[in-house]
Amino acid sequence: MKPFTKRVVDIICAIPKGKVMTYGQIAKIAGSPRAARQVVRVLHTLSEKYQLPWQRVLNSKGCIGLTGEHGQLQRRILEEEGIVFQQNGSINLIEYGYEPLHLMEEME
DNA sequence: CGCATGACAGTCG
DNA sequence: GCGACTGCCATGC
């Protein structure tokens, strides 16, 4: 596990219940502002090996990237977490977006 | 070792 | 505000 990947995992695990984060946000905090793709890969790779809260990770549009059954499942889980979806099918990042500022302080 | 890819993001028209 | 293009970086073949 590379440092970046580990960092991403740590950040994702740090997301509290009822909050969500975007791939770009996670990537930026992890140390690579342009590594949203790697965050995606980490989720794909580790979500089945570890118990990562992948359902709390969304894209910059505040919407789930999946449209299949996994997407439906993710949406259902988020609703269980207390998150309310908007009529456009996305989530209000202003309210549910999680900003782990304490992690950024450690970076400094 | 080089090419292709990916649950994305940011910018441009 | 939305659709198309490009950038990024690790992983897989």
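Proteins come first, then strands; the chains are lettered A, B, ... in the order of their sequence lines, and each starts at number 1. The structure displayed is predicted, hence computed values, not measured ones.
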Open item on the list: Nearest heavy atom decides the nucleotide; on that basis, is T45(A) or R34(A) closer to the 5' end of DNA chain C?
Closed with: R34(A)
Task: 5′-ward residue of the pair F4(A)/R37(A) relative to DNA chain C - done: R37(A)
Task: Matching residue for V8(A) among I29(A), V40(A), V42(A) - test: side-chain contact (heavy atoms from CB on, under 4.5 Å) - done: V42(A)
Whole angstrom is fine here: how far is it from [atom1] in [X] over to [atom2] in [N]?
X	N	atom1	atom2	value
K49(A)	dT11(C)	NZ	P	12 Å
Q38(A)	dG12(C)	CD	P	12 Å
N88(A)	dG1(C)	CG	P	12 Å

Task: Side-chain ion pair, E79(A) and R75(A), N-O less than 4.0 Å - done: yes
Decide yes or no for [X] and [Y]: does some side-chain heavy atom of the first lie under 4.5 Å from some side-chain heavy atom of the second?
X	Y	value
P16(A)	Y98(A)	yes
Q74(A)	I77(A)	no
T45(A)	T5(A)	no
N92(A)	Q86(A)	yes

Task: First-last contacting nucleotides on DNA chain B - partner chain A, under 4.0 angstrom, heavy atom - done: dT5(B) to dG10(B)
Open item on the list: Tell me every residue that passes salt bridge (Lys or Arg N to Asp or Glu O under 4.0 Å) with E95(A), counting only those two or more places apart in sequence or in another chain.
Closed with: none
- [ ] Output the distance between atom CZ (R7(A)) and atom CD1 (I12(A)), rounded to the nearest 0.5 Å.
- [x] 13.0 Å
Open item on the list: Below 4.0 angstrom, which residues in residues 51-59 of chain A have at least one non-hydrogen atom near DNA chain B?
Closed with: W54(A), N59(A)
